[in-house]
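In what follows, chains are A, B, ... by sequence order, proteins preceding strands, each numbered from 1.
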There are 2 protein chains.
Amino acid sequence: MPASRASVRKIAEPTVRRLSHYLRYLEAFERAGRGTVSSGELAHSGGTTSAQVRKDLSFFGSFGKRGLGYDTHELVAKLRQILGLDRAWRLVIVGAGKIGSALARHPGFRGRGFEVVGIFDADPNRVGHVLGGVAVWDVKVLESEIRHLRADIAVLAVPPEEAQTIATRLGRAGVHAILDFSTAPLEVPAGVTVRSVDLALELEVLSHALVSR
Amino acid sequence: MPASRASVRKIAEPTVRRLSHYLRYLEAFERAGRGTVSSGELAHSGGTTSAQVRKDLSFFGSFGKRGLGYDTHELVAKLRQILGLDRAWRLVIVGAGKIGSALARHPGFRGRGFEVVGIFDADPNRVGHVLGGVAVWDVKVLESEIRHLRADIAVLAVPPEEAQTIATRLGRAGVHAILDFSTAPLEVPAGVTVRSVDLALELEVLSHALVSR
DNA sequence: CCTAGATTGTGAAGGTTTTCACAAGCTCGT
DNA sequence: ACGAGCTTGTGAAAACCTTCACAATCTAGG
């Protein structure tokens, strides 16, 4: 593997999503003991085409073997590196309501390299408790505690009317990535990446699919 | 592999998402008592351009007024109709675990026209209870009860290893839309639309953004 | 009524992503 | 060692999506 790990070129978001998908399936192939995987197999699992898979991968160099496919272990390692998963990310959850606490107890994050290191809430009744093995802090100490916990990513699960305030504070506290579950439009300083998960919007996409069948 | 139904109108998915966004902001404008809204204002709220807004809307005909903008009420009604939100959709949740029960108690769905009418789980300890005002049924009676409840959309919040089985059963029970929270790849019969919400994948997109800054 | 100012609707241009098609390269059985 | 059979990598073509630019059209105010 090339030593230069900082040289990650700009990739379109749909491509990143697909890479993430490929990694998921590759890990399944790896567990199944498959030494090599072809673009066609990856495409079938991921709902795309073999040409798409090859184009996506060729963006980072050619590490497949013609006639055989891709080495499973090698490709897993390469994708982890591209996606930045060759290290553990430290996560905080802001908002210990229904969604926040469900996420805190969700076992799937740690298994994929995302460790929940802190939870924040404004409700004094929740502060001081432990959720999923992690302490709940008062949101008043957000900035200092986030720095102390060395958090990289914040999950925002607060009521919409508070989302902007918290997002701004997170930016000031040095968090550069936010996974947002509030439905409010967020304005964040440059250098902060936000991804919004809007469940009502997903349902509306389904609704549209239902009426336009 | 995207299921291309013989749809009346082909709208690209990014367009549908934007329409959904516009509707959100339009409703805010409506509450604020604004009679008309310009494409520029909608664009600003939604993080896009006025040309994009006009292109999106012009796909369905021209119902703006030059020099003035769009009639708020009229556009809200039109978007609701396009998105299929001029009716109430009946939702069932399969899986009363952490995510499933958090969603069941989530108040935001009903407010946007999605009514949770049933919950299913395999755990006998959970069956018979009431979550968010809705009864938890044994997953054994999935098919018959779904027909009885006249459910349109299913939210799939079961462990990955059971997702495929349930998805197949949902398809047989006449559900044509699934919002999937499991991380497994689903194969569904033609005519069933699936949208996957994969939280680990969203975090991986953030991870990539962090390493490629 | 008429002018100034604002905004839509849309063809065309520009850009990006996906698909196609095929030469090149690898493995395996014989 | 060789040919058959796969599979990759990649230009080129096609499809798709976004932005541009401006005529057409509206309102408001005198």
Locate the shortest heavy-atom distance separating L156(A) from A163(A); write the atom from each residue and the value.
CD2-O, 3.9 Å
Could you state the CG-P distance from L57(B) to dG9(C), rounded to the nearest angstrom?
8 Å
Integer-rounded Å distance: dT27(C) P and D71(A) CG:
12 Å
Counting only distance, no hydrogens or angles, is the base of dG9(D) paired donor-acceptor with the side chain of K65(A) under 3.5 Å?
no
Does Y70(A) put a side-chain nitrogen or oxygen below 4.0 Å from OP1 or OP2 of dG9(D)?
yes
If the threshold is 4.0 Å, N to carboxylate O, is there a salt bridge linking R147(A) and E143(A)?
no
Look at S39(B) and dT7(C) and indicate whether a side-chain polar atom (N or O) is within less than 4.0 Å of OP1 or OP2.
no
Where do V116(B) and V134(B) come nearest, in terms of heavy atoms and distance?
O-CG2, 3.3 Å
Please report, rounded to the nearest Å, how far the C1' atom of dT8(D) is from the NZ atom of K55(A).
12 Å
At under 4.0 Å, does any side-chain N or O of Q52(A) touch on OP1 or OP2 of dT19(C)?
yes
Using whole Å, report how far CZ of F60(A) lies from P of dT10(D).
14 Å
Could you state the CD-C1' distance from E41(B) to dA6(C), rounded to the nearest angstrom?
12 Å
Just to confirm, is there a sub-4.0 Å distance from OP1 or OP2 of dT18(C) to any side-chain nitrogen or oxygen of R18(A)?
yes
What is the distance, rounded to the nearest whole Å, between atom CG of D56(A) and atom P of dT17(C)?
11 Å
Classify the ring geometry between Y25(A) and H21(A) as parallel (under 30°), tilted (30 to 60°) or perpendicular (over 60°).
parallel
Taking the side chain from S207(B) and the backbone from L203(B), do they hold a donor-acceptor pair closer than 3.5 Å?
no
For atom CZ of R54(A) and atom P of dG11(D), their distance in whole Å
14 Å
In whole angstrom, what separates F59(B)'s CZ from dC16(D)'s P?
12 Å
Counting only side-chain nitrogens and oxygens, does R66(B) get under 4.0 Å of the OP1 or OP2 atom of dA24(D)?
no
Closest-nucleotide mapping onto DNA chain D: is A51(A) or G69(A) further toward the 5' terminus? I mean the 5' end.
G69(A)
